[in-house]
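Okay, structure first, notes after.
Whatever order the structure lists ligands and atoms in, that order sets their numbers, starting from 1. For the numbers below, each heavy atom of this structure counts, side chains included, while hydrogens, waters and symmetry mates do not. Numbers for residues simply follow the sequence, beginning at 1. As the structure is a computational prediction, the values presented were derived from the model and not from experiment.
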Amino acid sequence: MTQDELKALVGQAALAHVVPGSIVGVGTGSTVNCFIDALATMKDQIRGAVSSSVKSTERLQAHGIPVLDSNTVESIPVYIDGADEIDHQGCMIKGGGAALTREKIVADLAERFVCIADESKLVDVLGAFPLPVEVIPMAAAQVMRRFAKVYGGTATVREGVTTDNGNVIVDVRGLKITDPLAMEAEVTLWPGVVTVGIFGRHKAKVCLLGTSQGVRTLD
Ligand code: 5RP
């Protein structure tokens, strides 16, 4: 099976986690695009979606799925999103699509994070994928220096990318994230950091992993 076929498989499988009559939290990325297309087949059974990016909002609306303002929603049962890496505890690196801040906000509204990914995303230790950090532009150089000093990684500003919130993405290479919760807590405190792409406090409760043998569920 190709990677695209595996993404379609888990996008479809995620429908089983959608609670009929509820509002669904929707992430961002190519795997989530497959989920959005599948969700369109049951759009009459949900009240709508809270979206984590302009791109996902546009795709949801193109299918006629109502998108609600997150400020009007107190909680949602399920948030469905992809990941750049996920470990065996459900901690993730996210932000390859630069949507990490809104993704963490919607994940925070949700009772359950259901991660959908192809099997290449499952790792023993997070960090082979460059860690995205959304940063207020005037703090970019300071945050990059601090990464080198504290964790020894090599940080660069992602070229040509401005987030939906008007900020830059710093990508940090060469990390071995053995304690995701500790690194998430520390980096979140640095002035100018809006969101670090470690999802440890908001880790996945369930991961639907696309494999050539079918969907493997990790929970
Ligand atoms: C976007 C994300 C995505 O979930 C992550 O990049 C995975 O994307 P894809 O499904 O395209 O591999 O965090 O900010």
In this structure, atom 3 (C) of ligand 1 is nearest to the protein heavy atom Thr28 O, 3.2 Å
Tell me, which protein residue and heavy-atom name are nearest atom 11 (O) of ligand 1, and how many Å apart are they? Ser30 OG, 2.5 Å
In the single-linkage hydrophobic clustering (I, L, V, M, F, W, Y; side-chain heavy atoms under 4.5 Å), do Val114 and Val32 co-cluster? yes
How far apart are the C-alpha atoms of Val67 and Ser51, what are their side-chain angles, what is the distance that settles it, and do they pass the side chain to side chain contact (heavy atoms under 4.5 Å, CB included) test? CA-CA 7 Å; Val67 176; Ser51 166; 4.0 Å; yes
Inspect the contact between Arg59 and Asp37 and indicate whether a charged nitrogen and a carboxylate oxygen are less than 4.0 angstrom apart. yes
Shortest non-hydrogen contact from Lys203 toward Gly90: CB-O, 3.2 Å
For Gly82, counting its heavy atoms only, list the atoms of ligand 1 lying under 4.0 Å from any of them. 4 (O)
Side-chain donor/acceptor of Thr163 to backbone N/O of Val168, under 3.5 Å: no
Atoms in ligand 1 with a heavy atom of Gly95 nearer than 4.0 Å: 2 (C), 13 (O), 14 (O)
Tell me, which protein residue and heavy-atom name are nearest atom 12 (O) of ligand 1, and how many Å apart are they? Lys121 NZ, 2.7 Å
On the six-membered ring of Phe113, is Lys205 placed so that its NZ or CZ lies under 6.0 angstrom from the centre and within 45° of the ring axis? no
Is there a side-chain contact between Val18 and Ile80 in this structure, where contact means two heavy atoms from C-beta onward sitting under 4.5 Å apart? yes
Report the member of Asp84, Thr101, Asn33, Val10 with the shortest heavy-atom distance to atom 5 (C) of ligand 1. Asp84
Any nitrogen or oxygen of Gly97, side chain or backbone, less than 3.5 Å from one on ligand 1? yes
Got the closest protein heavy atom to atom 1 (C) of ligand 1, with its distance? Glu103 OE2, 3.1 Å
Output the list of atoms in ligand 1 that are nearer than 4.0 Å to some heavy atom of Asp81, sorted by atom number. 4 (O)
Are Phe147 and Val161 co-members of a hydrophobic cluster defined by side-chain heavy atoms under 4.5 Å apart? no
Can you tell me the protein heavy atom closest to atom 4 (O) of ligand 1 and the distance? Lys94 NZ, 2.9 Å
Can you find an N or O of Ala99 that's nearer than 3.5 Å to an N or O of ligand 1? yes
Looking only at heavy atoms of Ala98, does any of them come nearer than 4.0 Å to an atom of ligand 1? yes
Relative to the heavy atoms of Gly29, which atoms of ligand 1 are at a distance of less than 4.0 Å? 11 (O)
Quick one: nearest non-hydrogen protein atom to atom 10 (O) of ligand 1, plus distance? Thr31 OG1, 2.5 Å
Can you name the one residue among Asp84, Ile198, Val170 that meets side chain to side chain contact (heavy atoms under 4.5 Å, CB included) with Leu131? Ile198
For Glu184, run the salt bridge (charged side-chain N to carboxylate O under 4.0 Å, His left out) check against Lys104, Lys94, Arg201 and tell me which one passes. Lys104
Where's the contact between Pro132 and ligand 1, heavy-atom distance under 4.0 Å: side chain, backbone, both or neither? neither
